[in-house]
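Beneath this line is the structure, given in structure tokens, with notes to follow.
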Amino acid sequence: MSVKGKTAIITGSNSGIGLGIAEELARAGVNIVLNSFTDSEEDHALAKRIAKETGVDVRYIQADMSKGDQCRALIEKAGRCDILVNNAGIQHVAPIDEFPSDKWDAIIAINLTSAFHTTAAALPMMRKAGWGRVINIASAHGLTASPYKSAYVAAKHGIVGLTKVTALETAKEPITANAICPGYVLTPLVEAQIPDTMEKYGMGREEVIEKVMLERQPSKEFATTEQLGGTALFLCSDAAAQITGTTISVDGGWTAL
Ligand code: NAD
């Protein structure tokens, strides 16, 4: 079955990996719902630009993924959800005993709990349509850990667990649920971690990139948003119909170490 004409909702998709996935799916003929918590002219211009370039229908719907009711409202407002990509995410880096409670709560809400709410709202639509794909953007940190990232690692391990449960609850239906686990991808989220990490390790920018970030990525290359878009598109294909409840690493060998 072609993905052409299907509708994908991608949370946190006005930048980085979410945007890369949205663009790749749009190029394959999928109608797109972009999302973030902002509601700026640029957000709507982005939707127009992708629509113009690809010929598919692209809407931007503002919703704050830290709020359960807004997560559910995003799906309801979209009105249709064949492909749900739970991508919105934030990061904060600090040792556990200094980790601010409000940052912990925000990371768990945006990186994990939002996916529970969007999935709960989207599954009835997928069942009605008789087809569905849930794609959760976890991380190499959904399978391994690093110091100073307690909330992020906990949320990402959590979303891998949620993926497995979603897959089991939909196993007998034409719906799959999988998690993509990227290694480091140079996006605004990663850019924002560089100053903190420089301070923590007392290193310069290039040293942080080489010795800390890509230290565990044997390929010594960042993964790209296009590669993640291609992986998401593969998970939507017929070839992936029996792939469910699992993780796909796009991490240059990180988790093979
Ligand atoms: P990014 O900062 O470029 O994008 C994050 C997106 O989430 C943005 O669109 C932002 O607006 C949105 N967002 C943040 N808070 C939100 C909220 N409250 N409501 C709605 N949207 C919100 O970062 P990215 O690197 O593209 O990250 C995307 C996902 O990929 C995250 O879940 C991240 O954990 C994961 N990831 C990233 C990397 C990497 O190296 N960049 C690696 C592994 C996993």
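What's counted below: heavy atoms across the whole structure, side chains too, no hydrogens, waters or symmetry copies. Order of listing sets the numbers, starting from 1, for every ligand and every atom in it. Computed from a predicted structure; not experimentally measured.
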Q) Side chains of Glu42 and Asn14: does their closest heavy-atom pair fall under 4.5 Å? A) no

Q | Salt-bridge criterion met for Arg49 and Glu53 (N-O under 4.0 Å) | A | yes

**Q.** Charged tip of Lys200 within 45° of Tyr148 ring normal and under 6.0 Å
**A.** yes

Q) What residue among Asn111, Thr166, Thr118 forms side chain to side chain donor-acceptor pair (under 3.5 Å) with Asn86? A) Thr118

(Q) More than 12 heavy atoms of other residues, nucleotides or ligands under 6.0 Å from NZ of Lys48: yes or no? (A) no

Q: Quick one, list the residues around ligand 1 where some non-hydrogen atom comes in under 4.0 Å, by chain and residue number.
A: Gly12, Ser13, Asn14, Ser15, Gly16, Ile17, Asn35, Ser36, Phe37, Ala63, Asp64, Met65, Ser66, Asn87, Ala88, Gly89, Ile90, Ile110, Ile137, Ala138, Ser139, Tyr152, Lys156, Pro182, Gly183, Tyr184, Val185, Thr187, Pro188, Leu189, Val190

(Q) Going by the rule side-chain hydrogen bond (donor to acceptor under 3.5 Å, both in side chains), which residues pair with Asp39 if we only count those two or more places apart in sequence or in a different chain? (A) His44

